[in-house]
Number of protein chains: 2
Amino acid sequence: MPAPETKDTILDAAEALFAEQGFAATSLRQLTQRAGVNLASVNYHFGSKEALVKEVLRRRIEPINAERRRRLEALDAPSLEDVVRAFLEPALRAIGHRGGGMARVFGRVTAEQPAFLREFFFEHFGALAQRFIDAMRTAAPDLDARAAWLRMHFTVGAMAHTLQSSHMLTEISGGACELGDEAELVEQLVAYAVGGLRASARAGEEQQR
Amino acid sequence: MPAPETKDTILDAAEALFAEQGFAATSLRQLTQRAGVNLASVNYHFGSKEALVKEVLRRRIEPINAERRRRLEALDAPSLEDVVRAFLEPALRAIGHRGGGMARVFGRVTAEQPAFLREFFFEHFGALAQRFIDAMRTAAPDLDARAAWLRMHFTVGAMAHTLQSSHMLTEISGGACELGDEAELVEQLVAYAVGGLRASARAGEEQQR
DNA sequence: GTCTATATCCTGATAGAC
DNA sequence: GTCTATCAGGATATAGAC
């Protein structure tokens, strides 16, 4: 490659700023200034701000989803926990990298869902979600399709919120909840999600343990 | 009251647009045009765009949190499910109102967390969160403080995502998950959250049911 | 309280020299 | 590929007539 430096520099700066401020609130001027590149270079390399946003997301989400698929396929007669872990762990691993920047961007796009990312969203998550739903229902046959989708949705929400703002937990808990390493966070979230997915459909029927 | 009409008209239009587009992406021009009021009236009545955002949130969040407190206090020796329901139901009830506009704004602010709302956020949720943590740990004594905060965080994420984008569930599930009424959604989320909160700390120790 | 008109600044995007 | 300069328009906010 001749000089991919500028492109990657822009992507890195965009990732950090989108994490801090969101997409709409980040201007190209601010972005290129932090990256130390010329204002016009964004449009030269990416064509538009929206295309830059998509590329920032794509370069991280594609590997994460590829690993999710790979891990799901590698499982033989998986338990519900195996399936949940295959879905959550690749995404949560992103927390440990680059100061958590991409983790927060990832959480943000899940929550913010700008209109121009709608197509992108379905393209990258539609088929994958269906595959995980199928695997979950094979592992837990008494989970009907409707409940499976709802609880997958809850799980994605828990994951996205964790990715985007787990750094606030220490503060709001008054120090009662120091964040540990990412491996422990994965364990906690997997345990929570599996427990939630296994619950019987009506809370009133829950057994006390 | 002489003429609270303009103020409320602005708040209603802002709520709808913030739900659709988020805060940063919504301009005062667009907002006042939809509300059918003059551009200058926002600054006259609220002082600034940020103050308007805070007022949009405050007029909905305060009643919701007041009901949460009231319901928690009304409980005598509550089960974990009682506590979770007292927290989730008042917020989810917002889904049925005004076409779900405020539900999506509420989900958005939980996820988006713009920097200027940081103080607002701690002011409205700090003490309340502590009270619910205490109640949860009384109902489930073997839940340590750290796990309680983490799982409360997961639960808030699941709730916020449900509030903000449950309308997409039907589409991404290919029709397999039609949304029912809000009462059923409450049951599903309460069951999921209680199941998640009750799970043992390490997923590997989970009992098959 | 409501309006018009405008001040001041910032936005994404582009043309064209180098 | 990178730069300067700039376009055309939109942003928040405000001054001042009514």
Side-chain angles (χ1 to χ4, degrees), chain A residues 1-59 105 108-109 112 114-120, chain B residues 1-59 105 108-109 112 114-120:
Chain A
M1 326 172 216
E5 200 177 333
T6 298
K7 236 179 144 167
D8 286 340
T9 307
I10 292 172
L11 287 169
D12 291 340
E15 186 172 296
L17 284 169
F18 293 161
E20 290 170 26
Q21 306 172 335
F23 310 112
T26 300
S27 74
L28 295 184
R29 279 175 172 75
Q30 184 184 19
L31 198 161
T32 51
Q33 189 172 359
R34 177 179 296 206
V37 302
N38 189 271
L39 168 63
S41 61
V42 170
N43 271 355
Y44 177 80
H45 286 286
F46 300 96
S48 70
K49 182 185 179 182
E50 291 193 354
L52 168 64
V53 172
K54 287 178 188 168
E55 181 57 20
V56 167
L57 295 170
R58 193 204 57 75
R59 76 166 175 163
V105 175
R108 209 176 265 278
V109 70
E112 202 168 330
F116 74 94
L117 287 180
R118 216 184 127 78
E119 198 179 352
F120 179 94
Chain B
M1 324 171 218
E5 201 176 332
T6 297
K7 238 181 141 165
D8 285 341
T9 306
I10 292 172
L11 287 170
D12 291 341
E15 188 172 294
L17 285 170
F18 292 161
E20 290 170 26
Q21 308 174 334
F23 309 112
T26 299
S27 73
L28 295 184
R29 279 178 171 74
Q30 184 183 20
L31 198 160
T32 51
Q33 189 171 0
R34 177 179 294 205
V37 303
N38 189 271
L39 169 63
S41 61
V42 170
N43 270 354
Y44 177 79
H45 286 288
F46 299 97
S48 72
K49 183 185 178 183
E50 291 193 354
L52 169 64
V53 172
K54 287 179 188 168
E55 179 58 19
V56 167
L57 295 170
R58 194 204 55 77
R59 74 167 177 164
V105 175
R108 209 176 265 280
V109 69
E112 202 167 330
F116 74 93
L117 288 180
R118 215 184 129 78
E119 197 179 354
F120 179 95

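So you know, we letter chains A, B, ... as the sequences are listed, proteins then strands, and number each from 1.
Side-chain proximity of Leu28(B) to the nucleotides dA13(C), dT2(D), dA13(D) is greatest for dA13(D). Comparing dC3(D), dA13(D), dT2(D) by their nearest atom to the side chain of Ser48(B) picks out dA13(D). When distances run from any side-chain atom of Asn38(B) to the nucleotides dC3(C), dT4(D), dA13(D), the shortest one goes to dC3(C). Checking dA15(D), dT2(D), dA13(C) against the side-chain heavy atoms of Asn43(A) singles out dA13(C) as nearest. With dT11(C), dT14(D), dT14(C) as the candidates, the nucleotide lying closest to the side chain of Ala40(A) is dT14(C).
To the nearest angstrom, P of dT2(C) lies 11 Å from NZ of Lys7(B). Leu31(A) has its CG atom 15 Å from the C1' atom of dA13(C), to the nearest Å. At whole-Å resolution of the value, NZ in Lys49(B) and P in dA13(D) are 9 Å apart. Rounded to a whole Å, the CZ atom of Phe46(B) is 12 Å from the P atom of dG1(C). Spacing between atom CD of Gln33(B) and atom P of dT4(C) amounts to 13 Å, rounded to whole angstrom units.
Comparing Leu39(B) and Tyr44(B) along DNA chain C, the residue whose closest nucleotide (by nearest heavy atom) sits nearer the 5' end is Tyr44(B). When each of Val37(A) and Arg29(A) is assigned the nucleotide of DNA chain D with its nearest heavy atom, Val37(A) is the one assigned upstream, toward the 5' end.
Closest heavy-atom contact between Ala14(A) and Leu31(A): CB-CD1, 3.9 Å. For the pair Lys49(A) and Ala24(A), the tightest heavy-atom approach, listed with the atom from each and the gap, is NZ-O, 3.9 Å.
In this structure, Ser27(A) reaches the sugar-phosphate backbone alone: every heavy-atom distance under 4.0 Å involves primed, P, OP1 or OP2 atoms, never a base. No engagement by Thr32(B) is indicated, since no non-hydrogen atom pair under 4.0 Å with the nucleic acid exists.
Proximity of a side-chain donor or acceptor of Arg108(B) to a complementary backbone N or O of Ala19(B) within less than 3.5 Å is detected.
Note that the CG atom of Asp12(B) and the CG atom of Leu17(B) stand 11.0 Å from one another [nearest 0.5 Å].
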Evaluate the side-chain contact (heavy atoms from CB on, under 4.5 Å) criterion for residues Val53(A) and Phe116(A): first the C-alpha distance (whole Å), next the side-chain angles of each, then the deciding distance (0.1 Å), finally the verdict. CA-CA 10 Å; Val53(A) 172; Phe116(A) 74 94; 3.9 Å; yes

Run the numbers on Val109(B) and Phe23(B) for side-chain contact (heavy atoms from CB on, under 4.5 Å), then give the verdict. CA-CA 9 Å; Val109(B) 69; Phe23(B) 309 112; 4.2 Å; yes

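Between Thr6(A) and dG1(D), a side-chain N or O to OP1/OP2 separation shorter than 4.0 Å is absent.
Annotation: side-chain hydrogen bond (donor to acceptor under 3.5 Å, both in side chains) contacts of Glu15(A) (sequence neighbours excluded): Arg59(A), Arg60(A).
For residues 11-21 of chain B, proximity to DNA chain D is found at no residue, defined as any non-hydrogen atom under 4.0 angstrom from a strand atom.
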